[in-house]
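Proteins get letters first, then strands, A, B, ... in listed order; numbering begins at 1 in each.
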Protein chains: 2
Amino acid sequence: MPRTRRAPLPPWRETPQRAEVLRALAARPGFTSAQLLHARTQADGSEVGLSIVYRVLALLAGAGQADVVRGANGERLYRHRDDTTHQHFLVCRRCGFALTSDSDAIEDWVARAAVESGFSDVHHTVELSGVCTRCAAGPSE
Amino acid sequence: MPRTRRAPLPPWRETPQRAEVLRALAARPGFTSAQLLHARTQADGSEVGLSIVYRVLALLAGAGQADVVRGANGERLYRHRDDTTHQHFLVCRRCGFALTSDSDAIEDWVARAAVESGFSDVHHTVELSGVCTRCAAGPSE
DNA sequence: CTTAATGCAAAATCTTTGCATGAAC
DNA sequence: GTTCATGCAAAGATTTTGCATTAAG
């Protein structure tokens, strides 16, 4: 019973702005905030409105084409999604670089907790953050 | 190597407002937002400023006397802390009622992920949300 | 042409902060 | 009396939305 709620994917028109957001998102090695993404597109010379960045990211996330985690301050961080399996991430707090974590143990645990508690429609969020080896070595970026 | 960073607990004066926030927090069966807590204190006839609610909650959380999770919209939800063990919660999305989850499996998994990845200073957040049996039965509150 | 996307600025949230007043110790 | 807490309103930060304009199909 996979939670693969691949949304009906609302009308999607190819526009330069959307391409740009996708490109910028794909170019990031890790999770990135909408704001930073917007800054990047600006820096790259494209004129993409901040609201569009938000709208595109929301669409992507809704369609399952982007993963979302929450930063320490509650801001949403997005990452282009490579595959379709449900995953958890170990995200570098400094650079956003993320490793996927093998999470069968978690999934099992969650399923068990759901059953035992009697709770219905149980969602889960597992977020790991740390400092990656590269950032630990030398404060870059 | 427990993450029991029990803060030095900055100067703490007993005031009616603090007592009221504590009381309101303790009265809740589950996790509650600062805003709702403020509304409750108002409803109970006490005059506690919203900023005080935020400040007191921040102090409590910092001192390890309250647990914090994040709601779906990124808002912080607080709960009075009964014991000192590191726990995870299964929170009802409707009423905030929470069950603690036995989380040894998670802790082990996190520790392993940290070691294997080479990441340092790894924090983790595990949040489960669902609908508790009571709320599933009848939409109350 | 018809419908959807864009951009801007305004609004909505949640949260924090500056500062003068008042209460705790 | 000092020092900290309070309250208000203003500021911050992130995200959403209304609406006229522009572009995609």
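Atom NE2 in A:H38 sits roughly 13 Å away from atom P in D:dT15 (whole-Å rounding). Counting to the nearest Å, the P atom of D:dA23 and the CD atom of A:E20 are 17 Å from each other. Atom CG of B:L36 and atom P of C:dC14 are 11 Å apart (whole Å). The distance between atom CG of A:N73 and atom C1' of C:dT13, rounded to the nearest whole Å, is 15 Å. Between the C1' atom of D:dA5 and the CZ atom of B:R13 lies a distance of 7 Å, rounded to the nearest Å. Between A:E75 atom CD and C:dT16 atom P there is a gap of 14 Å when expressed in whole angstrom units. If you measure from atom CG of B:L37 to atom C1' of C:dC14, you get 15 Å, rounded to the nearest angstrom. Residue B:F31 contributes atom CZ, which lies 18 Å from atom C1' of C:dC14 at whole-angstrom precision.
When the nearest nucleotides of DNA chain C are assigned to B:R70 and A:V56 by heavy-atom distance, the more 5′-ward of the two goes with A:V56. Both A:E47 and B:S51 sit near DNA chain C, but only A:E47 has its closest nucleotide nearer the 5' end. Sequence order on DNA chain D of the closest nucleotides to A:L77 and B:I52 puts B:I52 first from the 5' end.
For the residue pair A:E20/A:S46, the side-chain donor-acceptor check at 3.5 Å is satisfied.
Counting non-hydrogen atoms under 4.0 angstrom, A:R55 reaches a base of the nucleic acid. Across all strands, A:Q35 comes closer than 4.0 Å to base atoms (heavy-atom distances). Note on B:T15: only backbone sugar-phosphate atoms sit closer than 4.0 angstrom, heavy atoms only; bases stay farther off.
Within the 3.5 Å criterion, the main-chain N or O of B:A24 finds no donor-acceptor partner in the side chain of B:R40. Looking only at distances, a side-chain donor or acceptor of B:R93 sits under 3.5 Å from a matching main-chain atom of A:D121. At least one donor-acceptor pair closer than 3.5 Å links the side chain of A:H38 to the backbone N or O of A:V48.
Looking at the side chain of A:L50, the nearest of the listed nucleotides C:dA24, C:dG7, D:dT15 is D:dT15. The side chain of B:R18 approaches D:dT6 more closely than any other nucleotide in the set C:dC14, D:dT6, D:dC8.
Both A:F119 and A:W109 belong to a common hydrophobic cluster when Ile, Leu, Val, Met, Phe, Trp and Tyr are linked at side-chain heavy-atom distances under 4.5 angstrom.
Distances shown here put every side-chain N or O of A:Y54 at or beyond 4.0 Å from the OP1 or OP2 atom of D:dT16.
Residue side chain A:R76 does not reach the base of D:dT15 through any donor-acceptor N/O pair under 3.5 Å, judged by distance alone.
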